[in-house]
Amino acid sequence: MAKRSFRWIIAKRIINVFLTIVGIMILNFFLIHLMPGDPITNMIPRSPKFDVSLKWELQEKFHLNDSMPEQLVWYLYNAFTLEWGTSYMANKRPVFDIIMSDMRWTMLLVGVSTFITLLLGMAIGAYAAYRRGGAFDVGSTAVSLFFYGMPVFWLAILLQILFTTHPLGISWWPQLPAGGYYDTDEFGAELKWTFPVVLSMMEHLILPSITLAIGTVAGVSLVMRSSLVDTMTDDYILTAKAKGLTDYQVLRHHALPNGLPPMIALIAMDVAFIIGGAYQVEYIFNYPGIGWRTIKSIGDLDFPILQFIVVIGGVAVVIANFLSDLVLIYIDPRIKIS
Amino acid sequence: MHSYNSHSKPSSMRAVIAVAFIAVLAVGFAGLMVAPAEAAYMQEAPVANAGPDVNITVGQTVQFDGSASVPSEGATIFNYTWNFTIFAGTPARQMYGVNPSYTFDITVSGAHLVYVNLTVTDSAGLNASDEMSVFIREKPPTFFDKYWLEIFLICIASILLARPVYSVAKSLITHEPIVTEASRERYRLTFKKDRKIFYQLIRNPMGAVGVVILVFFASLAILGPSLAPYDVKAIDPANAMELPTPEHWMGTDNLGIDIFSELLYGARTSIVVGMVSAIIASFLGAAVGLYSGYVGGWKDEVVMRLNDIVLSIPWLVLMIVVAALLGQIDLTGIILIIGLTGWSTTARMVRAQVLSIRERQYVERARSIGAGEMDIIRRHVFPNTFPLVFANTILTVAVSILSEATLSFLGLRPVGEVTWGTMLSFAQEASAFQIGLHWWILAPGLCIVIVVLGFTLLGYALDEILNPKLRHR
């Protein structure tokens, strides 16, 4: 019985994920359609050779003469068959290719910084809750609150200045690359996967990922602390202490396992904010991911890319939430039973 | 008419050079063949006329009508090159073409001075240029410019006095119009409770620091513009990019405006934008959450699915795209974008709270004595979710201020307004750190951090005091 309901829960979640993704696409469709401007006018170069019949041809090709519901169906069909159109820019690359190749770098950046965030944030939060009211708790909470409210782009500018110059003439100060994803001057613009290139990539990843991590470490450690403090006031902790367990044993075997599930859910919810942060970091450090592409596309008014960037962001968040649900079901026995 | 397209620039430039080269060769060759040798030296440079100086307001487009005359016979004007230098910087835009007219879309925000240079080249390869300037003035004062103080005071009042006003209104409206002993007593009790919450807040270290920070910045927002030593709307190209001096404490920006004055003006705009959009978001969120939590059933399911969708799209991405699609946005636009995209977390939280309140015994009792649905929501459900919504609004203000700064920084700045975000944006464009104008980046950023910290501390403290779940700790 329990096993069947477990499967049922997952099936229901998958249906929800699918519905939400379709919903995001529909919302996106109307977002684009409600906005002023005519896509065809943006597409054809404004030149004296411009032919009116070309406009009609394009309108027919992109189903712009059909009714709204028909257009929506075409839109969804093309979206799910990965026919995302081509960029307005000179090279006319397919949008899907552009987004997928940029996504690698964003995922690398977000992955590394999330790893740092989880390790550091949970450790700091757990230790602060463990020594609640102590100097470390007060200090880390104050520092976390300070960094929590800091605009990511501002932090990025400061770190960039700090680590690409020698502040106050300190000669041994570490120097890090100011931008890009590997040294294109040394290794050429065409990406080759050799060992020195990978080393250069890692070097270029240090500043962006640390910048991105600092803000989220602050958030995660605050939530971790309050979640553990909540757990620590429960009765079974008192029982555990009464049994004569040391503080560390109580934390390790009683508080942490019960404080973790809400944390995982919250981090999954935070994915949206991490993506937002990644946009700013990529912009400042010139890191060629999705965020950098977004800012560039806004400048170029490249709408085919912009509309699918919204979809990709939404899908990433939905999938992150789905995965966190799966992990929660796996580690939390209470969900499995109910 | 040609459109400006950055990607076709190199190729068109190459084409122009190639064609010009061929033309020069051809004319020269033709001259050698047909005319006597002296004819080549009789060529005179053309005369360019870029037209008179133009005065426009922000957001308008300018039609440039250049003209040129060719003194020497047989020569024709080969091309017109428009060069736009947005105040003393590097060439911002360049436009080559064969037409003397060009429409320039002013997408800069705030007052600017644009130098426009027209260079004409004739078929003999000789050229001449003429300069003109475009003065871009601020827009006439908007609604916000006129009534900012009123809006600001209403915001503060609605945040500070919401609860007392609500309780008074409730005691007057839901009972008999005459103020009875009972309603007076009820009002006295509410007032006493609020006073207790206030003292709790002051004694809470986080709350106290938050209140001090916010009082400081609130007075800065009200008094700032009158304290500012210089006018932020007056551009002074002669004193642009000046390093800090006793006259200009933090230096001057790329238009010669005092950075310290901008900082003081920015306090007002940034905080008001944050508060107004947070109030919009909270109001929407509370309404949606109350409705969906109380109604339940399939309606709840539909609303929550929609909420999931809005919640799943990363807020920054959504705002960037909406702002980009709308093109030019003013302050009201920014407020609406932030307010209308930020309600979903509040809605989810309110709904969870309503779901638990709906099943409480007092709601059951009220229903059993025949209270209507609206009455239950108004008298029982809403008052019990209000503290949470209130604390959450304060936290949303912090997020909204950050959102505004981020949007402005990424280039989607409200036209013709000074906020801390737009300051940072212009500073980054002018690479302020390299020039030595450190304060241009440090000061607005620090202000944002401290204000956000103030709202966050106050929000957390209020949450701790008002949230019944946390009170036992």
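Every chain is numbered from 1 and lettered A, B, ... according to where its sequence line falls, protein lines coming before strand lines. Values in this document were obtained by computation on a predicted structure and should not be read as measured data.
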ask   = Is chain B contacted by the side chain of A:Ile26, its backbone, both, or neither, given a heavy-atom distance below 4.5 Å?
value = neither

key: For A:Tyr148, all residues meeting ring-ring contact (aromatic ring centres under 6.0 Å, His included), sequence neighbours excluded   = none

query = Should the pair B:Phe409 and A:Phe153 be assigned to parallel (<30°), tilted (30 to 60°) or perpendicular (>60°) ring geometry?
reply = parallel

key: Interface residues of residues 302-310 of chain B facing chain A - non-hydrogen atoms under 4.5 Å apart   = B:Arg305, B:Asp308, B:Ile309

request  = Using non-hydrogen atoms and a 4.5 Å limit, figure out which bit of A:Ile24 sits close to chain B: side chain, backbone, both or neither.
outcome  = both

request  = Would you please name every residue forming a ring-ring contact (aromatic ring centres under 6.0 Å, His included) with A:Phe308, sequence neighbours left out?
outcome  = A:Trp84

task = Identify which part of A:Phe273 has an atom lying under 4.5 Å from any heavy atom of chain B, answering side chain, backbone, both or neither.
result = both

ask   = Heavy-atom distance under 4.5 Å to chain B: side chain of A:Ile157, backbone, both or neither?
value = side chain

inquiry  = Heavy-atom cut-off 4.5 Å, strictly under: side chain, backbone, both or neither for A:Thr20 against chain B?
reply    = both

message = Given heavy-atom pairs under 4.5 angstrom as the criterion, report whether the side chain, backbone, both or neither of B:Val452 touches chain A.
response = side chain

message = Does any backbone or side-chain atom of A:Tyr279 lie under 4.5 Å from a heavy atom of chain B? Answer side chain, backbone, both or neither.
response = side chain

inquiry  = What's the separation between atom CD1 in B:Ile450 and atom CZ in A:Phe146, rounded to the nearest 0.5 Å?
reply    = 7.0 Å

query = When you measure from the side chain of A:Trp154 to the backbone N and O of B:Leu446, does any donor-acceptor pair fall under 3.5 Å?
reply = no

task = Give, as side chain, backbone, both or neither, the part of B:Ala398 having an atom under 4.5 angstrom from any heavy atom of chain A.
result = neither

Part of B:Thr406 within contact of chain A (heavy atom distance under 4.5 Å) = both

key: chain B contacts, top residue of A:Val318, A:Asn28, A:Leu145, A:Asn321 (heavy-atom pairs, under 4.5 Å)   = A:Leu145

Beyond-backbone contact of B:Ser312 with A:Val315, side-chain heavy atoms, under 4.5 angstrom = no

key: Engaged part of A:Leu158 at the chain B interface, taking heavy atoms whose separation is under 4.5 Å   = side chain

message = Considering only residues two or more places apart or on different chains, which pairs with a residue in residues 421-437 of chain B satisfy salt bridge (charged side-chain N to carboxylate O under 4.0 Å, His left out)?
response = B:Arg413-B:Glu429

ask   = Under a 4.5 Å heavy-atom cut-off, does chain B meet the side chain of A:Leu27, its backbone, both or neither?
value = side chain

query = Of the backbone (N, CA, C, O) and the side chain (C-beta and beyond), which part of B:Ile441 lies under 4.5 Å from a heavy atom of chain A, both, or neither?
reply = both

query = Which bit of A:Asn16 comes within less than 4.5 Å of chain B, counting heavy atoms only: side chain, backbone, both or neither?
reply = side chain

remark   = Note: vs chain A, highest number of non-hydrogen pairs under 4.5 angstrom among B:Leu442, B:Thr345, B:Val451 is B:Leu442

